[in-house]
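To start, the structure itself, in structure tokens.
Please read all numbers here as calculations on a predicted model, not as lab measurements. Read the numbers this way: they start at 1 and go in the same order the structure lists the ligands and their atoms. Numbers here simply count residues along the sequence, with the first being 1.
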Amino acid sequence: MSKSPKLLDDLSGKNFLVAGAAGFVPSYVCENYLKKGARVVGLDNFITGSKSNVEILNNYENFDFHEVNIYESLPDFGDIKFDYILSLASPASPIDFKIIPLEIMRVNSEGTLNLLELAKEHNSVFLEASTSEVYGDPEVHPQVESYVGHVNPIGPRSCYDESKRFAEAMTMSFKNKYNVDTRIIRIFNTYGPRMRPNDGRVIPNFINQALRGDDITIYGDGSQTRSFSFVTDLVNAMEHVLMLGDHMPYNIGNPDEYSIKEAAEIIVKSIGSDSKLTYCDLPKDDPKRRRPVIDRVASLGYGPVVTFEEGLRETAEFFKNFRS
Ligand code: UDP
């Protein structure tokens with residue numbers, strides 16, 4: 001009987017370039033490979049990333065960092081040849097879409113192009129961190145990778161949705177034209193420690209409101225759904241795709257689906273808060289339902305292990321310490 005391939009525990013001798021290294025998810029991605037002995041070079045312009053994440057990564061001697069705008073140019077890396085290039089640099093919170101839409105569009109277009117050119121030159125495996133947002137407000141539920149989406153090209157989320165769709169198209173073009181060894185992952189809602197307290201996304205908002213005893217701000221009637229993945233599960237899924245996957249897109253997430261009202265109630269209860277739920281306007285184009293079909297990544301040996309309750313406990317602990 002053939003054994004299914006496994007992830008390697010030792011990646012010493014391997015070189016990783018991680019764009020967006022100061023961000024919430026990328027900081028965990030860098031740490032994962034640093035712990036396995038790889039050399040990791042991180043890039044970030046700190047537009048939404050945080051210096052404290054880079055301080056954590058600087059504790060590893062095999063980590064180097066360049067402060068740079070990857071859509072302008074990449075630094076001189078000297079003799080290093082990258083085995084893996086990870087395109088993780090985009091801001092991803094709906095509040096960012098309002099404030100820095102052009103930076104988001106540039107990083108996902110010109111920035112991704114610069115990284116793909118480098119991957120071609122270095123013969124690297126290239127991974128584009130795309131998003132469930134490429135499905136827009138989906139008419140197909142749950143979302144399977146073959147669904148081509150329902151995106152409003154001129155709506156308030158379009159700077160992110162459309163530039164990630166463009167990044168996917170460019171990644172496929174480098175695969176088709178130059179045979180670059182590419183991967184595309186579509187990341188569904190992810191949460192965990194190291195998110196910005198003012199990130200604006202639902203889990204940090206609700207946890208911080210519950211910790212303060214403030215009203216929990218539900219947008220709309222709270223019947224819209226999301227499927228939340230804890231960050232360490234995401235990192236593990238990403239590694240499965242990077243090491244064992246092919247060039248077609250993979251949904252990455254946890255298929256446990258909650259309405260936003262349910263999520264609010266679970267958070268209030270788990271924190272033991274006396275916060276009340278309050279209802280505000282639903283933002284335009286807010287997707288009504290979101291749940292990934294993860295059969296493709298599961299076929300590589302991946303499965304989520306962190307429950308919503310466990311993940312929330314850990315995240316709440318982080319925000320408690322952050323506040324004190
Ligand atoms: N949301 C909410 N209250 C908040 C923040 C977000 O009800 O304080 C809702 C938002 O309208 C959306 C869902 O929670 O339906 C997830 O929002 P988030 O910004 O986390 O990410 P999205 O999945 O929309 O990109």
query = For residues 45-71, which residue pairs qualify under salt bridge (charged side-chain N to carboxylate O under 4.0 Å, His left out), counting only residues two or more places apart or in two chains?
reply =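 For residues 45-71, and leaving out neighbouring residues, the salt bridge (charged side-chain N to carboxylate O under 4.0 Å, His left out) pairs sorted by first residue read R39-D64.
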N/O donor-acceptor pairs under 3.5 Å from side chains in residues 98-109, not counting sequence neighbours:
| from | atom 1 | to | atom 2 | distance (Å) |
| --- | --- | --- | --- | --- |
| R106 | NE | E110 | OE1 | 2.8 |
| R106 | NH2 | E110 | OE2 | 3.1 |
| N108 | OD1 | K164 | NZ | 3.1 |
| N108 | ND2 | S90 | OG | 3.1 |
| N108 | ND2 | I104 | O | 3.2 |
| N108 | ND2 | S163 | OG | 3.0 |
| S109 | OG | M105 | O | 2.6 |
| S109 | OG | R106 | O | 3.4 |

inquiry  = Can you classify the ring geometry of H122 versus F82 as parallel (below 30°), tilted (30 to 60°) or perpendicular (above 60°)?
reply    =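 Parallel, since the angle between the ring planes stays under 30°.
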task = Mind telling me whether F65 and F46 have parallel, tilted or perpendicular rings, with 30° and 60° as the class edges?
result =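 Answer is tilted, since the angle falls between 30° and 60°.
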ask   = Does atom CG of N59 have more than 12 heavy-atom neighbours from other groups under 6.0 Å away?
value = yes
Present, as a list of atom pairs with distances to 0.1 Å, all nitrogen or oxygen contacts under 3.5 Å between ligand 1 and the protein.
| from | atom 1 | to | atom 2 | distance (Å) |
| --- | --- | --- | --- | --- |
| ligand 1 | 3 (N) | T217 | O | 2.6 |
| ligand 1 | 7 (O) | Y219 | N | 2.8 |
| ligand 1 | 8 (O) | N205 | ND2 | 2.8 |
| ligand 1 | 8 (O) | T217 | O | 3.3 |
| ligand 1 | 8 (O) | T217 | OG1 | 3.0 |
| ligand 1 | 8 (O) | Y219 | OH | 3.4 |
| ligand 1 | 11 (O) | D286 | OD2 | 2.6 |
| ligand 1 | 15 (O) | Q224 | NE2 | 3.0 |
| ligand 1 | 15 (O) | R226 | NH2 | 3.3 |
| ligand 1 | 15 (O) | D286 | OD1 | 2.6 |
| ligand 1 | 15 (O) | D286 | OD2 | 3.3 |
| ligand 1 | 20 (O) | V202 | N | 2.8 |
| ligand 1 | 23 (O) | N189 | ND2 | 2.8 |
| ligand 1 | 23 (O) | R226 | NE | 2.6 |
| ligand 1 | 23 (O) | R290 | NH1 | 2.8 |
| ligand 1 | 24 (O) | R157 | NH2 | 3.0 |
| ligand 1 | 24 (O) | R226 | NH2 | 3.2 |
| ligand 1 | 25 (O) | E133 | OE2 | 3.4 |
| ligand 1 | 25 (O) | R157 | NH2 | 2.8 |

In residues 18-34, what donor-acceptor pairs under 3.5 Å come from side-chain atoms, sequence neighbours left out?
| from | atom 1 | to | atom 2 | distance (Å) |
| --- | --- | --- | --- | --- |
| S27 | OG | G23 | O | 3.3 |
| S27 | OG | F24 | O | 2.9 |
| S27 | OG | R194 | NH1 | 3.0 |
| Y28 | OH | P193 | O | 3.2 |
| E31 | OE1 | R194 | NH1 | 3.2 |
| E31 | OE1 | R194 | NH2 | 2.7 |
| E31 | OE2 | Y60 | OH | 2.9 |
| N32 | ND2 | E239 | OE1 | 2.9 |

